[in-house]
Structure formats: structure tokens, C-alpha cells
Amino acid sequence: MDWVKEGRRRIKYPIFSRFLASFLLLTTQINDAVVSSSESGFVFNGFDGAALRLNGGGAIESNGLLQLTNFTKNEVGHAFCPTPFVFVNSSSGEPFSFSTSFVFAIFPQYEDISSHGIAFAIAPSTNLTAVLPSQHLGLFNFTNNGDPSNHIVAVELDTIQNREFDDINDNHVGIDVNSLISTSSAPASFFLDSSGLQYENLSLISGEPMRVWAEYDGKTMVLNVTLAPLFHPKPERPLLSSKLNLSSIVLDNMYVGFAASTGAAAGSHYILGWSFSMNGKATELDLSQLPSLPPRETEDTDTGKKTQLWIILLPTVIFILLLIASFGIVHLVKTKKKFAEEMEDWETEYGPHRFSYKELYRATKGFRDENLLGNGGFGGVYKGQLPKSKLEIAVKRISHDSRQGMKEFVAEIASIGRLRHRNLVQLLGYCRRRGELLLVYDYMPNSSLEKYIFDRPQKSLNWSQRFKIIRGIASGLLYLHEEWEQVVIHRDIKASNVLLDAEFNGKLGDFGLARLHDRGSNLQTTRVVGTLGYLAPELSRSGKSTTCSDVFGFGAFLLEVACGKRPIELKISGIETVLVDWVMECLKKGDILEARDRKLGTDFSAEELEMVLRLGLMCSHPSPAARPCMRQVVKCFEGEVPLPEISEEDFYVFDSSSRRNRVLVGGSSQNSCTAPTNLSSSFSDSPLSRRN
Ligand SMILES: *[C@@H]1O[C@H](CO)[C@@H](O)[C@H](O)[C@H]1NC(C)=O
Ligand SMILES: *[C@@H]1O[C@H](CO)[C@@H](O)[C@H](O)[C@H]1NC(C)=O
Ligand SMILES: *[C@@H]1O[C@H](CO)[C@@H](O)[C@H](O)[C@H]1NC(C)=O
Ligand SMILES: *[C@@H]1O[C@H](CO)[C@@H](O)[C@H](O)[C@H]1NC(C)=O
Ligand SMILES: *[C@@H]1O[C@H](CO)[C@@H](O)[C@H](O)[C@H]1NC(C)=O
Ligand SMILES: *[C@@H]1O[C@H](CO)[C@@H](O)[C@H](O)[C@H]1NC(C)=O
Ligand SMILES: *[C@@H]1O[C@H](CO)[C@@H](O)[C@H](O)[C@H]1NC(C)=O
């Protein structure tokens, strides 16, 4: 792409361009004063001294480059023009036309993992404080996404595919109206002719500056969006041309600006120049005046000097190289063996999710004992830091010797990597070696919830912290069961699989892993996998995990968090206490709160605690059909539906000697989750099954 290279060279005259930029700013500021008239606008060829309203990662660098995020994870950045524009023609009630053009660049810090995107936004306020980073792009949050009262119109440059928002791929341009589900979108590209037959693809995260035009005609109600490399002339045919009646969406006074966000991986989002015009064509940017981007690690800055040096140094270097080479070969053979991985053809499909073993080895300082975070049921977990991105990760090593089923499992891992929810531990990728699978997760600084609940914890969590974690896990599990494109069964829900981030938000980890364990064991026998006390009774009969058996595990989790006890505790006397039976006893005695964790002291909400205990009992119902489903649980927590009554007769005959021998008396199925008989047999084979 010749025009890109030419561009790089041309924007290397900072002094001249800065002078021109400040001259232009003068005219801009004059324009700012009159934005409320029907024809108005501004142009920023660089943002030196521009009075934008910035927040989050938003900052203007000394050379006039506008930075929206700066290599920080889960960051939001905003930059808005401080004066609102009138968007509606008061005499006709129709929306006005507008036009904007801007130049952006996205630098992902870590080449394999991109970091969300940028959106040009028209919003009723510049105070977007209740918004979320990651897939919400700093524009919306979980509750207001899709809400018509948002009055937000945006053009998104999105670099991650979020299935829940029907994203077409991980490199697209979309038009968003009040929602992250775009009204129309297209892969990042530009047309070479007006017929639309010839086009060229672009990569948004290439770090190359690109230009965007967004033009709206208030009469025909068409919004055109066009994308092109920086020095390419504006393509004749827009990438997106979408009929859009903005009259009920825009308010009279609206602000224009940008939002950007990063997620589990950091990145940097830049705007180099921006022009906007109301009822007119946006002034073309003067590309020669745009500020230059910071150098990227891979860039050769001064090729000329380097060539000269090489001529002098070459003979010496060749000699040294030969010397090193002879030692090197010996070393290489050794190293190669050490870092050997297994890679098969089918794995190229999962490219971005695959890490090299060497990288993980470096990141964890060679899997040193000091980096060992713990030993889970599947193998050691190591803390690490990716050398280039400084991204903190947790690497789980799972020894695994069955080749059979590996392909399917890796396919699932890649799928799971696409799950994105604030209450799920983000899986970043994997690596495979002989007899070993390594899974790479986002690092959770406060480790597992178990540490804060059982036995004599060093730090105990108070009720409001526990309740927040419970609600979070419920919403994460609801996402796995019902809100993603496929049904995902966790299979091993318990306090030790709930991890805590820096703010003590609960995140569910290790989904689907129970199955790998299953596969690793011999032959086709369905071995029941999970943890005693969290295993639904029907599992020992059918061996089939279902969403209902997950709900059972969730019930045990509710009780352990509220009571501070494990589901089954062995006393020194050898007698085991079964937590659910004990809570049931308290309920019968008429004082369910008696069962609570004494470490909570007196600072708790009796109402919430009782709800959690009662829901815990309901989810622990021996009959899968009588358990509520996660949506009902979440609705109870949100107070949308009242807590159903537990009737003891309908529950079960109390028998503390053995959990399995409970006699089921009733078994109403009025508000049940899907009964296992309705599920296809593939359910037992895969944690990911198509929802139909
Ligand atoms: C991000 O910005 C802050 C202040 O603006 C600066 O101190 C910090 O070094 C920046 N971080 C990176 C990684 O560039
Ligand atoms: C606003 O609406 C009036 C009445 O329909 C029309 O005459 C006028 O041209 C419109 N103004 C603009 C800027 O479109
Ligand atoms: C921005 O909104 C938050 C709540 O969403 C509010 O607390 C804050 O005062 C607002 N700030 C301004 C400047 O309006
Ligand atoms: C989501 O955003 C809306 C509007 O900005 C705000 O009223 C609401 O409280 C936010 N919700 C959450 C959960 O932050
Ligand atoms: C653009 O990329 C898509 C896949 O993302 C590919 O199918 C198509 O052939 C590419 N087109 C060109 C012209 O390179
Ligand atoms: C949008 O694109 C269409 C098709 O190329 C064109 O006819 C129309 O004039 C454009 N509208 C604007 C506002 O640029
Ligand atoms: C646009 O929407 C408004 C209100 O929703 C409606 O009154 C108007 O007729 C619509 N205009 C067109 C051209 O569809």
C-alpha cells in the first residue's frame, strides 16, 4: 500500500505542521462560539490546545495527538466537543444533515489479542460515566444496552467479535443506534470502484492511520460511512449506506465525540484529526498537518544511518556470528527439545488463541515454584506476565495424554475464548505440548473465594461483598446457560472455582474442564466428574450433566457462602454434617437465619440472607425438575419476582444418613428448568451444545 508509506514520510515535519495547526485552531475556536446556529462545525488537524472534554484515558499529547486509551486493561476513554449542536430543525421537526471526517489508529499492545475499538458518537451528554469498557465500547452498560432512552448514535470500529451483539467478525465497521447490536455493519474494507465489485480489506488493528467519513442527509435520511487508508482518496462508494430515521433518536441538543475501550488485553486508540459540520460538508482534513503517531516497536526509524553502520560492522559481525553459530547449533538442539510443542494442521484455524510454549515459559519465569499460585484439581496454576504486553496472566498446566478428542476439545476452548462476561474469568488462549495442555487466563489478584470463607480465613468477607459475588456468579451462569449462542454447562460450580478480581468481583473459572478430565480417563465409560457435595443426585444415575445439575452445584455454592461451611464436613468424631440438611433443619425450626456464618457478625441484611438460604435449598432439590432455572434465580435477586415458598412436604423426607438415599415425596415441576429427558444426548458429550 504505497499511499501509506508516502503518508508516513509526509507527516514527519512536526514544527511546520504544528505552526499550521495552531493557526487553524484559532479559526476553530471562533467556530466553537457559534455552534448553535444551523450551519456550524470545526476542524482539528491535530488537537494541540483543543478544548475537548476528556475523561478516562482521554488525553492530548504534546504533539497534538488525541489519545483515547493508553495501554491499560479495561479502560474507557472519551473525548467530546464541549459545545452541543442543534440536531433537529425546529420548524420542520426533521433531523438536520451532518458530516464528519476523522483519522484514527489502533495499536494493540499484544499482536494476537486485539483490544476492542473506537466509536464516533452522538450523545445527549458528555458525562458517560456509568458505561463499561470491553465490548461495551465505553458507550453502554449491561442494563442500558438497547434502551431507546439512550439517544446515542455511533459509528463503531470494532476489533472483537461479540456473538451476543451479533458482530459479523472481529474487524468491522458498524452503525449503532442505542445499542451495540449494529443496525448495519460491514468488514473493514473500501471499494475501489462505484460498482462495489472490487474492494480491498483493511485491518483496523494494523496500527496504520485510516480515515473515516460519516455523512448524514436529513432529507433522504441516509447515513453513509466510508473508510480508507490515510492517503487514499475518498472512495466513491461508501462502505455502509443505511436508511436511518434519526428524528426520534436525536434530541435537540447533542454532543459529538469519541469513545474507545480496552478489555482483557490493553491497547491504545488514537485520533489524529477530526472535522465536523452541521448542515454542510465537513472540511477535508489537511493530512500534512496531522500529528505523527508514536513509533511502534517493529518500526525502522532511521534506515539510512543503520545501513552505514552495517558496512563498517559487517565483517566483524560475520565472524562473531559464525562463532556463535557453532555454539548456537548445539544450544538450539537442546532448546528445541525443551520448547517442543505439538501442532497439527487443524490447529491453524485457532491461530489467535494459540500461544507459543516459549512465550508462556518466559512469562512464568520457567514455571518457577515462586510463580505457582496453587494446585487445582487439574494441575498447577502459575502466575505470569507476557513479556511484550506486560499483561498479567494465569497459566494452568493440565497433564493430558489422550490424543483422542483433543481436536474437539481445542475447538471448544476456542469457543470458550469467545465467551465474554464480566463474571467469567476470561480465557485468553492455549498451548499444546506432548502430554500437556496449557490454558491461559486473565490473572485474578484476589485468588479464590474459598480462601475467604472456610475454616479460619485471614480475611473474611462481609455480607454485602458476599451478596455481590453471589449475584455476579448467578448472572455469569445465566449467561452460560441461556444468553450465549450455545448452552455451556459448567459442571463444577463451587467456591474454589470462583475467583476474585482486584475489586472483589466474583468470576467463574474453569468451565467445561471437568469434561477434559472425563476424556482423559479410559474408554467410553461416563465417569461422573465434579466434586462431592456439589454433585446432583441424578448424575450418579445418568452421568449426564445438564443445566439442572449446574443449578444444583449453584445451590451448594449459595449455602456455603451464606453459612461459611463446606457442603459436607467431616467432624473429628467421624460424623459428617451435610450442610443442606442442617439448613433445612433450621428452616423447620422456623429460624433459617440460625444457619448463617457467624463471621458475618451483625452487619447483614436479614432479608437478603434469607433469600440466599432459601434459594440455596431450592436449587439443592433432589429432583432436577423441581429446581429453579438460572433466569428465575436472577429475577429473584433483582426483586422482579417474589421468592417462591418452600413447602417441606413437597421437598423431601429428611434423611441425614445419606444424601443419595433421600426419598422424594412430592416433586412439583411447575417452575422447573428443562428436564433432562428433553435434552439431546449430545448434552452429555459436550459442555457446548447447540441451542435450538
Ligand atoms: C498512561 O498515561 C499516564 C498519564 O497520562 C502515564 O503516566 C502513563 O505512563 C501512561 N501509560 C502508558 C503505558 O503509556
Ligand atoms: C428547516 O425546516 C424548514 C421548514 O421545513 C426549511 O425551510 C429549512 O430549510 C430547514 N432548515 C435546514 C437547515 O434544513
Ligand atoms: C455525571 O454522572 C454521574 C452519575 O452518572 C454523576 O454522579 C455526576 O455528578 C455527573 N457529572 C456531571 C458533571 O454532570
Ligand atoms: C447504565 O447506564 C445508565 C445510563 O447512563 C445508568 O442510569 C445506569 O445506572 C447504568 N447501569 C449500571 C448497572 O451501571
Ligand atoms: C477480504 O477478507 C475476506 C475474509 O475476511 C476474504 O474472504 C476476502 O477474500 C478478502 N478480499 C480481498 C479482496 O482480499
Ligand atoms: C450516500 O451514498 C449514496 C450511494 O453512493 C449516494 O447516492 C448519496 O448521495 C450519499 N449520501 C450522502 C449524504 O453522502
Ligand atoms: C421518522 O420518524 C418520525 C417519528 O418517529 C415520524 O414522525 C416520521 O414520519 C418518520 N419519517 C420518515 C420519513 O419515515
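Ligands are counted one by one from 1 in listed order, and the atoms in each one are counted from 1 as well.
In summary, the atoms of ligand 4 found under 4.0 Å from a heavy atom of Asn141, numbered by their order in the structure, are 1 (C), 2 (O), 3 (C), 8 (C), 10 (C), 11 (N), 12 (C), 14 (O). Set against the non-hydrogen atoms of Thr143, the atoms of ligand 4 under 4.0 Å away are 1 (C), 10 (C), 11 (N), 12 (C), 13 (C). Residue Phe96 approaches ligand 2 through these ligand atoms, each under 4.0 Å from one of its heavy atoms: 11 (N), 12 (C), 13 (C), 14 (O). Every atom of ligand 2 is numbered from 1 in the order shown, and the set under 4.0 Å from a heavy atom of Ser91 is 1 (C), 2 (O), 3 (C), 4 (C). Ligand-side atoms of ligand 4 in range of Asn144: 1 (C), 2 (O), 3 (C), 4 (C), 5 (O), range being under 4.0 angstrom from any heavy atom.
Under a cutoff of 6.0 Å and an axis angle of 45°, Lys73 and Tyr443 do not form a cation-pi pair.
Taking the six-membered ring wherever Trp is involved, the centroid distance between the rings of Phe42 and Phe44 falls below 6.0 Å. Centroid-to-centroid, the aromatic rings of Phe104 and Phe258 stay 6.0 Å apart or farther.
Between Glu608 and Arg466 no salt bridge is recorded (no basic side-chain N to carboxylate O distance below 4.0 Å). Using a cut-off of 4.0 Å between Lys/Arg side-chain N and Asp/Glu carboxylate O, Glu503 and Lys468 are scored as not salt-bridged.
Under 3.5 Å, the side chains of His172 and Glu156 contain a donor-acceptor pair of N or O atoms. Checking Thr143 against Asn141 by side-chain atom types alone, a donor-acceptor pair falls below 3.5 Å.
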Ligand 6 N/O to protein N/O, distances under 3.5 Å:
residue: ligand 6; atom: 2 (O); partner: Asn224; partner atom: OD1; Å: 3.2
residue: ligand 6; atom: 2 (O); partner: Asn224; partner atom: ND2; Å: 2.3
residue: ligand 6; atom: 11 (N); partner: Asn224; partner atom: ND2; Å: 2.7
residue: ligand 6; atom: 14 (O); partner: Asn224; partner atom: ND2; Å: 3.1

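Where the criterion is an N or O separation shorter than 3.5 Å, residue side chain and backbone included, Asn279 fails it with respect to ligand 2.
In the displayed structure, Lys635 atom NZ is contacted under 6.0 Å by at most 12 heavy atoms of other residues, nucleotides or ligands.
Only one option out of Tyr216, Trp213, Trp274 pairs with Thr100 in a side-chain hydrogen bond (donor to acceptor under 3.5 Å, both in side chains); it is Trp274.
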